Amino acid sequence: VALVGAGPGDPDLLTVRAAGLLAAADVVVHDALVGDGVLALAAPTAELIDVGKRPGNGVAQDLINLLLVRLAREGKQVVRLKGGDPFVFGRGGEEAVALAEAGIVCEVVPGITSAIAAPGAAGVPVTYRGLSASFTVVTGHRQRGESPVNWAALAQVGGTIVVLMGVAQRGDIAAALMAGGLSPDTPVAAVGSATTQSQHVVRCRLADLATTTVHAPATIVIGPVAALDVVAL
Ligand code: SAH
């Protein structure tokens, strides 16, 4: 089984290794965020299985793990294809553990994470000399049993905050960051469906994030760099 990152959307942003594995796959087990352009690179004979988790439905993680183990035991070349990088909020780590526990050899193929590609597609560099010396990638969506994000601490770091899965909670996130000391005037850029035909960028102040319309999937960038558009200069 290869745990493969599909990149942010544009098939041209796949790695050469990912494209090669897709072309040779018997089965591709993919998420909802993997676009048709990427799936089109799978072998014509490959079976495509959509296990995408969407709000309220989707296949439970335990079943995905069992499916991967079963397919591997059938002797199939399995590509487990995940949006962005497989180990950035994709639960790829859990799948790797499940495969290892079942004694199945697993190859990890990194992908370009939307945490960096989405800001970049909007002309926002996540670091910039004099403006931001660090970036923190954080989830805006907490699962039961996970420790809460320390937004007050993040507000004090002074670098760029990149929020994935944060559209629904953006008002609460903005409030928590401002309560932690981040200025209401802090620039925000939300980049939706980055590197696809429907890419859209919304910019606002942190204080206005709650009332600004943002369509998922989007990556929300918070910090001084979010005011930049270095590509459109
Ligand atoms: N493993 C993925 C992230 C999975 S979490 C990666 O490395 O990119 C899913 C979240 O990623 C979405 O809620 C959204 O915040 C972000 N995302 C994924 N694709 C995106 C895209 N094309 N444009 C903007 N954000 C995207």
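Model, not experiment: these values are computed from the prediction. Whatever order the structure lists them in is the order used to number ligands and atoms, beginning at 1. Any value given below was found using the heavy atoms of this structure, including those in side chains, with hydrogens, waters and symmetry copies removed.
Of all non-hydrogen atoms in Pro119 and Thr219, the two that sit nearest each other are CD-CG2, 4.2 Å.
Contact shell of ligand 1 (protein heavy atoms, cutoff 4.0 Å): Pro8, Leu33, Gly83, Gly84, Asp85, Val88, Phe89, Thr113, Ser114, Ala118, Leu164, Met165, Val191, Ser193, Ala194, Pro217, Ala218, Thr219.
With respect to Glu95 and Arg91, no salt bridge is recorded, no charged nitrogen being found less than 4.0 Å from a carboxylate O. At a threshold of 4.0 Å, the pair Arg203-Asp208 does not count as salt-bridged, since none of the basic side-chain nitrogens sits closer than that to a carboxylate oxygen.
Remark: Asp36 CG is loosely packed, at most 12 non-hydrogen atoms of other residues, nucleotides or ligands lying under 6.0 Å away.
Lys76 places no side-chain N or O within donor-acceptor distance of the main-chain N or O of Val27, the cut-off being under 3.5 Å. Panel note: side chain Thr15, backbone Ala18; a donor-acceptor pair is recorded below 3.5 Å.
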